[in-house]
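The next block holds one structure in the form of C-alpha cells; read it before the comments.
Everything numeric in this text was worked out from a predicted model, so none of it was measured.
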Amino acid sequence: MYCHKRYLHCQFSVQTDWPGGIYASPNLGGSRAGGLIAACWASLLFFGKEGYTSKTKQIISTARFLNERLKEIPGIFIYGKPLMSVVAIGSKEFNIYRLTSALTKKGWSLNMLQFPKGFHICVTMLHTLNGVAEQFIDDVRQCTKEIMQDPKAVATGTAAVYGMSQSIPDRSLVCVGLLMNIVSNR
C-alpha cells in the first residue's frame with residue numbers, strides 16, 4: 001500500500017503505559033476490527049432491541065454475581081465497584097499472575113493488567129450459561145487456596161514475563177523496538 005517501506009511505521013500505534021500492558025496495533029481502531037463491529041450490529045438486528053437488552057441484563061447479572069462471590073475468597077480482592085460486564089481481580093498476598101496462569105491452564109480466557117497488577121474477566125453470554133459462573137468461582141477458589149499454601153513463590157510462564165513489563169525503566173525503548181521489528185518484518 002505504501003510507495004516506500006519507511007512510511008509503514010506511521011500507521012502503527014504503540015502504547016507502553018496502557019493499563020492492560022504494552023499495546024501495539026497496526027491501525028487506529030486497535031482491537032475493534034470492522035468484523036467485530038459488524039457482528040455486534042448483526043446480533044442487534046437478530047435479537048432486536050428487547051432481545052439485545054435481555055441478553056445484556058443476563059451478562060450484567062452474571063458479572064454482579066461473580067463480583068459478590070469473588071469478594072468472599074481469601075487472598076484476592078476486586079478492583080473498584082464493577083458496574084458493567086468486567087470484573088478485575090488483584091491480590092496483596094501473592095503475585096496475581098500466578099492465579100492468571102493457573103486459571104488459564106484450566107481453560108479460562110482472561111485479560112492481564114499491569115497498572116495495577118491484576119487480571120480481569122469480561123463476562124459474555126457464554127458465562128451466563130448454566131453452571132459456568134459457578135465453575136469459574138470454584139476454579140478461582142481452588143487455585144487461590146493452592147497458591148496461598150506458598151504465597152511468596154515466584155510466578156513462572158507467560159504471566160510472569162508479562163508482569164515484568166512493569167519494571168522496564170525506559171518504556172519508550174519498547175515502543176521503538178516494537179515498531180522497528182514490525183516494519184522490518186514487512
Side-chain angles (χ1 to χ4, degrees), residues 13-25 30-33 36 55-171 173-175 177-178:
S13 171
V14 179
Q15 302 296 320
T16 57
D17 292 326
W18 183 59
I22 297 169
Y23 183 80
S25 175
S31 61
R32 300 295 181 258
L36 181 59
K55 301 292 183 195
T56 301
K57 286 179 181 178
Q58 290 175 6
I59 289 169
I60 301 299
S61 175
T62 301
R64 289 180 178 162
F65 169 80
L66 288 175
N67 178 44
E68 292 305 314
R69 296 291 297 277
L70 289 167
K71 287 194 287 190
E72 299 169 355
I73 300 174
I76 63 171
F77 64 89
I78 304 300
Y79 282 109
K81 296 178 182 176
L83 299 175
M84 300 301 283
S85 61
V86 177
V87 180
I89 302 163
S91 177
K92 294 178 183 171
E93 308 294 324
F94 59 86
N95 184 329
I96 194 66
Y97 300 127
R98 291 177 62 202
L99 182 54
T100 309
S101 291
L103 292 169
T104 300
K105 286 179 186 171
K106 289 186 171 284
W108 295 104
S109 177
L110 305 167
N111 302 93
M112 291 183 278
L113 305 170
Q114 70 173 350
F115 296 122
K117 287 183 181 181
F119 67 90
H120 76 254
I121 182 168
C122 182
V123 180
T124 67
M125 279 305 298
L126 292 175
H127 300 106
T128 69
L129 298 176
N130 192 28
V132 174
E134 291 83 358
Q135 184 63 55
F136 182 71
I137 297 295
D138 289 345
D139 287 347
V140 172
R141 183 177 287 113
Q142 175 198 359
C143 292
T144 300
K145 185 176 180 181
E146 289 173 15
I147 291 168
M148 290 297 286
Q149 291 176 4
D150 186 8
K152 300 300 178 196
V154 177
T156 59
T158 304
V161 172
Y162 185 90
M164 288 179 59
S165 68
Q166 289 183 318
S167 61
I168 298 171
D170 184 358
R171 300 174 68 73
L173 295 175
V174 174
C175 181
L178 280 173

Salt bridge (Lys or Arg N to Asp or Glu O under 4.0 Å) pairs touching residues 60-76, sequence neighbours excluded, are Glu68-Lys71, Arg69-Glu72

Do you know the tightest heavy-atom contact between Leu99 and Cys143?
-> CD1-CB, 3.5 Å

Walk me through it: do Phe94 and Thr144 pass the test side-chain contact (heavy atoms from CB on, under 4.5 Å)?
-> CA-CA 9 Å; Phe94 59 86; Thr144 300; 4.0 Å; yes

Any side-chain donor-acceptor pair under 3.5 Å between Gln142 and Asp138?
-> no

Partner of Phe119 under side chain to side chain contact (heavy atoms under 4.5 Å, CB included), chosen from Leu103, Thr104, Val87 = Leu103

Please list, chain by chain and in numerical order, all residues satisfying ring pair (Phe, Tyr, Trp, His ring centres under 6.0 Å) with Phe136, sequence neighbours excluded.
-> Trp108

Between the CD1 atom in Ile59 and the CG atom in Leu126, the distance rounded to the nearest 0.5 Å is 9.0 Å

In this structure, CG of Leu70 is separated from CZ of Phe65 (nearest 0.5 Å) by 9.0 Å

Residue pairs passing the side chain to side chain donor-acceptor pair (under 3.5 Å) test with at least one member in residues 122-132, sequence neighbours excluded, are Thr124-His127

Neighbour count >12 (heavy atoms, 6.0 Å) for atom CE, Met125 = yes

Quick one: pull up CD1 in Ile60 and CE in Met84 and give me the separation to the nearest 0.5 Å.
-> 4.5 Å

State the NE2-CD1 distance between His120 and Ile78, to the nearest 0.5 angstrom.
-> 12.5 Å

All heavy atoms of Gly75 vs all of Ser91, minimum pair found to be O-OG, 2.6 Å

Between Met148 and Pro151, what is the shortest heavy-atom contact and its length?
-> O-CD, 3.2 Å

To the nearest 0.5 Å, atom CD1 of Ile76 lies from atom CD1 of Ile96 at 6.5 Å

Measure the spacing between CD1 of Ile137 and CD1 of Ile73 and express it to the nearest 0.5 Å.
-> 5.5 Å

